[in-house]
K.L.:
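Would you mind keeping the following structure in view while I ask a few things?
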Amino acid sequence: MSPSERICYVVCLIPKGKVLPYGKVADLAGLPGRARYVSRALRLSPPSQQIPWHRVINSQGKISFDTNSNQYREQVELLRLDGVIVNTGKISISKFQWQPDIATLVMSLPF
DNA sequence: AAGATGACGTGCT
DNA sequence: GAGCACGCCATCT
């Protein structure tokens, strides 16, 4: 499995209603310290894969797109559909809605 | 070939 | 908290 494949794999494991920072995704995919690689992989991943990219946010619990961009709006939209609370204005996720279970789950994968 | 870029993170002021 | 400087490294100019 290639690094980008592992990244997509991990992202696909994020349950609806939860989010995970880029850095954590990188760690779980076996690429510690390479959060940027995650953003790249998601950007280059074909839409046909239906990857829940919107569940990946930055370590500050915020969306990493420019507030004016339509990508930002799209991510907010998708997160709301997931039931995730996003504050307008300060634009941030309510809290880190990620459970340790995800980590242990991912750790037991056939990488 | 060399420099800039980026859906990031951490540490410091 | 808000900036800033770095570290990171595949991709683009």
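This structure is a prediction, so every number in the text was calculated from the model and none was measured. Just so we're on the same page: letters track the sequence lines, and every chain starts at 1. All heavy atoms count here, side chains included; hydrogens, waters and symmetry mates do not.
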K.L.:
Please report the distance, rounded to the nearest Å, between CG in A:Leu42 and C1' in C:dT11.
P.N.:
16 Å
K.L.:
Got A:Pro21 and A:Lys24 here, is their nearest side-chain heavy-atom distance under 4.5 Å?
P.N.:
yes
K.L.:
Counting just side-chain N and O atoms, does A:Ser64 come under 4.0 Å of either OP1 or OP2 of B:dC8?
P.N.:
yes
K.L.:
Do A:Leu44 and A:Ile51 sit in the same hydrophobic cluster, where Ile, Leu, Val, Met, Phe, Trp and Tyr count as joined when their side-chain heavy atoms come under 4.5 Å apart?
P.N.:
no
K.L.:
Side chain of A:Tyr37, base of C:dA10: donor and acceptor closer than 3.5 Å?
P.N.:
no
K.L.:
Let's see if you can work this out: which of C:dA10, B:dA7, B:dC8 has an atom nearest to the side-chain heavy atoms of A:Ala35?
P.N.:
B:dC8
K.L.:
I'd like a table of atom pairs between the protein and nucleotides 4-8 of chain C - only N or O on both sides, under 3.5 Å - with the distance next to each one.
P.N.:
residue: C:dG7; atom: O6; partner: A:Arg36; partner atom: NH1; Å: 3.4

K.L.:
Under the rule for side-chain hydrogen bond (donor to acceptor under 3.5 Å, both in side chains), what residues qualify as partners of A:Ser64, not counting sequence neighbours?
P.N.:
A:Asn58
K.L.:
Give me the distance, rounded to whole Å, that separates B:dA4 from C:dA5 when you measure between the P atoms they each carry.
P.N.:
15 Å
K.L.:
With sequence neighbours left out, what residues match A:Ser45 under side-chain hydrogen bond (donor to acceptor under 3.5 Å, both in side chains)?
P.N.:
none
K.L.:
Quick one: which residue pairs count as a salt bridge (Lys or Arg N to Asp or Glu O under 4.0 Å) with a foot in residues 49-60 of chain A, not counting sequence neighbours?
P.N.:
A:Arg55-A:Asp82
K.L.:
Measure from the side chain of A:Pro21, starting at C-beta and using heavy atoms only, and say which of B:dA7, B:dG9, C:dA10 lies closest.
P.N.:
B:dG9
K.L.:
Taking side-chain contact (heavy atoms from CB on, under 4.5 Å) as the definition, give me every residue that meets it alongside A:Asp66, ordered by chain and number, with sequence neighbours left out.
P.N.:
A:Asn68, A:Ser69
K.L.:
Looking at residues 44-54 of chain A, who's got a heavy atom less than 4.0 Å off DNA chain C?
P.N.:
none
K.L.:
Over how many whole Å does the gap from A:Leu78 atom CG to B:dA7 atom C1' extend?
P.N.:
14 Å
K.L.:
Restricting to pairs with a member in residues 39-48 of chain A, which pass salt bridge (Lys or Arg N to Asp or Glu O under 4.0 Å), not counting sequence neighbours?
P.N.:
none
K.L.:
Evaluate the side-chain proximity of A:Val11 to A:Leu42: yes if any heavy-atom separation is below 4.5 Å, no if none is.
P.N.:
yes
K.L.:
Would you kindly give the CG-to-C1' distance between A:Asp66 and B:dG6, to the nearest whole Å?
P.N.:
13 Å
K.L.:
At less than 4.0 Å, is any side-chain N or O atom of A:Ser59 found next to OP1 or OP2 of B:dC8? Yes or no.
P.N.:
no
K.L.:
Apply side-chain contact (heavy atoms from CB on, under 4.5 Å) to A:Pro46 and list each qualifying residue two or more places apart in sequence or on a separate chain.
P.N.:
A:Ser48, A:Gln49
